[in-house]
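The structure appears below as structure tokens.
Throughout, residue positions are numbered sequentially from 1 according to the sequence presented.
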Amino acid sequence: MRLLRVLFSVMLLCLFSSCSQTKNLAESSGDGYYPLPGAKVISPYKNNRGSHRHTGVDLKTKPNDTIYAVFDGVVTMSKSYYGYGKCIIIKHADGTETLYSHNSKNYVKEGEKVKGGQKIALTGKTGRATTEHLHFEVRKNGKPVNPMPLLERLIKKSHGK
């Protein structure tokens, strides 16, 4: 029973830590842009260990839909990358990275500076994907954090709330 309480406490700490790290990115990088306007979350972030771990969220709209950079930054990767398929990673001023994968086409190259709201790719199903979608991750110090607080903030902004 004690072990369960400790595990539950650690899970809560990880959850709140991930939320605050994502919030810091949103606050320090200006308003930000939703990466795939009109998209719905079809697979949520799961920070548990093992085979059911999902390090980002999957957003679904239609094939070849436009993907936008969330914030200003520098492209540190734009290539096919294992199960991610065609993938883009952008490093932002505070060191946080955003990752966009399973793209059908990447429009930006490594080393390129991008602006928030800039068109960077099209949705696809490259890599380990069964349908066209965007796998979106936020990484702090190289570790994935829950992107949902950031995405929820960007949705509210886009609806003028």
Discussion item. For Tyr34 and Tyr68, I'd like to know if the aromatic rings sit close, meaning centre-to-centre distance below 6.0 Å.
Written reply: no
Worksheet item: With the 4.5 Å side-chain cut-off for hydrophobic clustering, are Met148 and Leu150 part of the same group?
Response: yes
Discussion item. Which heavy atom of Glu112 sits nearest to which heavy atom of Val108, and what is that distance?
Written reply: OE1-CA, 3.4 Å
Item to complete: Report yes or no: do Val74 and Leu99 belong to one cluster of Ile/Leu/Val/Met/Phe/Trp/Tyr joined by side chain heavy-atom distances under 4.5 Å?
Response: no
Fill in: Qualifying residue, where the test is side-chain hydrogen bond (donor to acceptor under 3.5 Å, both in side chains) with Tyr84 and the options are His135, Lys79, Glu137
Glu137
Worksheet item: Is any side-chain heavy atom of Tyr100 closer than 4.5 Å to a side-chain heavy atom of Val70?
Response: yes
Worksheet item: Going from CE on Met77 to CD on Glu97, what distance comes out if it is rounded to the nearest 0.5 angstrom?
Response: 8.5 Å
Discussion item. Contact between Arg139 and Val145 at the side-chain level, heavy atoms closer than 4.5 Å - yes or no?
Written reply: no
Worksheet item: What are the two closest non-hydrogen atoms of Cys87 and Asn106, and how far apart are they?
Response: O-ND2, 3.3 Å
Worksheet item: Got a second to check how far Ile67's CD1 is from Gln118's CD, nearest 0.5 Å?
Response: 13.0 Å
Item to complete: With the side chain counted from C-beta on, respond yes when Val41 and Asp58 share a heavy-atom pair under 4.5 Å apart, and no when they do not.
Response: no
Item to complete: Flag the pair Asp94 and Lys140 as a salt bridge only when some basic side-chain nitrogen lies within less than 4.0 angstrom of an acidic carboxylate oxygen.
Response: yes
Worksheet item: Hey, any chance Leu59 and Ile89 share a hydrophobic cluster, counting ILVMFWY side chains that come within less than 4.5 Å of each other, even indirectly?
Response: no
Worksheet, complete the sentence: In short, Thr126 meets Asn103 closest at the heavy-atom pair OG1-O, 3.0 Å
Worksheet item: If you look at every heavy atom in Gly116 and Asp72, which pair is closest and at what distance?
Response: N-OD1, 2.6 Å
Practice prompt. Decide yes or no for Asp65 and Leu122: does some side-chain heavy atom of the first lie under 4.5 Å from some side-chain heavy atom of the second?
Written response: no
Discussion item. If I compare all heavy atoms of Leu154 with all of Gly32, which pair ends up nearest, and what's the gap?
Written reply: CD2-C, 3.5 Å
Practice prompt. Kindly indicate whether the side chain of Ile90, heavy atoms from C-beta on, has any atom under 4.5 Å from the side chain of Phe71.
Written response: no
Discussion item. Hydrophobic clusters here meaning ILVMFWY residues chained together by side-chain heavy-atom distances under 4.5 Å, can you tell me if Val114 and Ile88 are in one?
Written reply: yes
Worksheet, complete the sentence: To the nearest 0.5 Å, atom OH of Tyr107 lies from atom CD1 of Ile120 at 11.5 Å
Fill in: Stepwise side-chain contact (heavy atoms from CB on, under 4.5 Å) test for His133 and Thr123
CA-CA 6 Å; His133 70 282; Thr123 56; over 6 Å; no
Worksheet item: Looking at side-chain heavy atoms only, is the closest gap between Leu134 and His102 below 4.5 Å?
Response: no
Worksheet item: Can you tell me how far the CD atom of Glu132 sits from the CG atom of Asn64, to the nearest 0.5 Å?
Response: 7.0 Å
Worksheet item: Are Phe136 and Ile155 co-members of a hydrophobic cluster defined by side-chain heavy atoms under 4.5 Å apart?
Response: yes
Worksheet item: Short question: side chain of Lys86, backbone of Ser104 - any donor-acceptor pair under 3.5 Å?
Response: yes
Discussion item. Side chains of Thr131 and Lys60: any donor to acceptor distance under 3.5 Å?
Written reply: yes
Worksheet entry | Within 6.0 Å of OH in Tyr81, more than 12 heavy atoms from elsewhere | no
